[in-house]
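These notes are about the structure you will find just below.
Since we're looking at a predicted model, the values are computed, not measured. Reminder, nothing fancy here: chain letters follow the sequence lines and each chain counts from 1.
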Number of protein chains: 2
Amino acid sequence: MRGLDSIDRNIIRQLQLNARISNKDLAEAVGLSPSACLRRLTSIEKQGYIRGYTALLGQGEDNDGITVIINITLERQAEDYLSRFEAAIRKFPEIQECFLMAGGLDYMLRIELDSAHEFERVHKDILSKLPGVARIQSSFSIRNVLKARP
Amino acid sequence: MRGLDSIDRNIIRQLQLNARISNKDLAEAVGLSPSACLRRLTSIEKQGYIRGYTALLGQGEDNDGITVIINITLERQAEDYLSRFEAAIRKFPEIQECFLMAGGLDYMLRIELDSAHEFERVHKDILSKLPGVARIQSSFSIRNVLKARP
DNA sequence: GGTGAAAATCAATCGGC
DNA sequence: GCCGATTGATTTTCACC
């Protein structure tokens with residue numbers, strides 16, 4: 001972030017905390033006029049510092065939501081295997097995060113579901129259709145101790 | 001998502017794709033009037049289906065940050081061990097997420113660092129001070145494939 | 001970076017189904 | 001109950017200083 005000053009960083013931080021904040025409130029939070037703030041945000045986006053904005057799924061009022069952590073090993077480490085897999089990943093909004101892990105071929109995914117039985121659908125419609133997968137290991141979270149904080 | 005129909009799901013999906021979409025555009029995307037759309041969104045949020053909205057950072061040249069996934073096993077499963085551990089977790093802002101996993105005593109943590117060598121400090125100041133820990137296994141992410149939708 | 005005004009959007013209210 | 005229309009308030013988006 002060499003090209004960004006502390007106000008720019010603050011803008012990004014505010015948007016991480018709440019991406020749907022209005023430009024007016026954002027400007028107030030960082031101590032600028034709305035027009036100056038919008039100019040900066042447009043510039044920040046144009047420079048590619050922000051890749052997008054997304055909604056983080058909750059668990060619903062009945063609180064039976066569930067987090068599934070999935071470790072995936074690919075058949076081969078060839079670059080085209082990685083890129084085909086990663087392109088496929090991006091098509092499914094249920095997938096909240098995906099990390100390429102060091103020390104192996106493992107990808108780690110986090111998926112948010114509304115209930116445990118929905119996992120069957122996810123396995124059939126998503127996991128089994130990812131290309132070049134050798135092995136899948138899924139772990140269920142029974143409680144979200146600490147929610148993501150930006 | 002028992003309480004949500006297909007339009008509600010579509011609203012959520014659109015917000016996952018772009019959390020900063022205006023209500024007017026959101027309404028158009030799901031085929032409703034703005035007022036009906038806003039009513040639904042308010043209700044969806046109130047029911048807790050959406051935990052929040054966040055900005056996804058780009059892969060700019062600044063991206064020397066690193067994600068560490070840490071699996072922790074406690075010495076005992078007694079309730080006071082769990083609650084002491086979880087209380088300790090909340091004190092460290094480096095810890096972004098913490099899940100209590102099914103099928104064992106494992107907690108899974110995600111930590112975000114500015115650089116890899118910072119892990120030494122984290123291990124010394126945070127991980128080694130968590131109470132009741134029997135075993136720690138850390139995995140480094142070398143690339144964040146998906147933070148969510150672009 | 002700030003100001004101001006036109007344009008666009010939001011949010012509350014209304015009647016109809 | 002849910003929808004769309006309306007409307008006054010608020011916000012965004014410019015040109016200009």
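For the helix from C:dG1-D:dC17 to C:dC17-D:dG1, the angle separating the two terminal helix axes comes to 30°, with each axis derived from five pairs and the value rounded to 10°.
To the nearest angstrom, P of C:dG1 lies 17 Å from CD of A:Glu28. Between B:Leu4 atom CG and D:dC2 atom C1' the separation is 15 Å, expressed in whole Å. With rounding to whole Å, B:Ile11 atom CD1 is found 13 Å from D:dC2 atom C1'. In this structure, CZ of B:Arg39 is placed 7 Å from P of D:dC3, rounded to the nearest angstrom. Between the CG atom of B:Leu38 and the P atom of D:dA9 there is a distance of 18 Å, given to the nearest Å. Distance A:Leu41 CG to C:dG1 C1': 16 Å, rounded to the nearest Å.
Between B:Ser128 atom OG and B:His123 atom NE2 the span is 7.0 Å, to the nearest 0.5 Å.
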Trace of the salt bridge (charged side-chain N to carboxylate O under 4.0 Å, His left out) decision for B:Arg13 with B:Asp8: CA-CA 9 Å; B:Arg13 186 182 162 79; B:Asp8 291 325; over 6 Å; no
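With distances taken from any side-chain atom of A:Ala36 to the nucleotides C:dG2, D:dC2, C:dA12, the minimum falls on C:dG2. Of the candidates C:dC10, C:dA12, D:dT13, the closest approach to any side-chain atom of B:Lys24 belongs to C:dC10. Proximity note for B:Asn23 (side chain, C-beta onward) versus D:dA5, C:dC10, C:dG2: the nearest is C:dC10.
Between B:Arg20 and A:Leu15 the shortest side-chain heavy-atom distance falls below 4.5 Å. Contact check for B:Glu86 versus B:Tyr107: side-chain heavy atoms found under the 4.5 Å cut-off.
Residues B:Ile7 and B:Arg20 both approach DNA chain D. Their nearest nucleotides, taken by heavy-atom distance, put B:Ile7 toward the 5′ side. Between B:Ile21 and A:Gly31, the residue whose closest nucleotide on DNA chain C is further toward the 5' end is A:Gly31.
Side-chain contact, A:Glu112 with A:Thr67: a donor N or O sits under 3.5 Å from an acceptor N or O. Between A:Glu45 and A:Tyr53, the side chains place a donor N or O and an acceptor N or O closer than 3.5 Å (distance only, hydrogens not considered).
You won't find any donor-acceptor pair under 3.5 Å spanning the side chain of B:Ser33 and the base of D:dA5, going by distance alone. Between the side chain of A:Arg40 and the base of C:dG1, no donor-acceptor pair of N or O atoms lies under 3.5 Å.
A:Phe119 does not carry A:Arg121 over the face of its six-membered ring by the limits of under 6.0 Å from the centre and within 45° of the normal.
Looking at heavy-atom distances under 4.0 Å, B:Ser22 makes contact with sugar-phosphate atoms alone, never a base.
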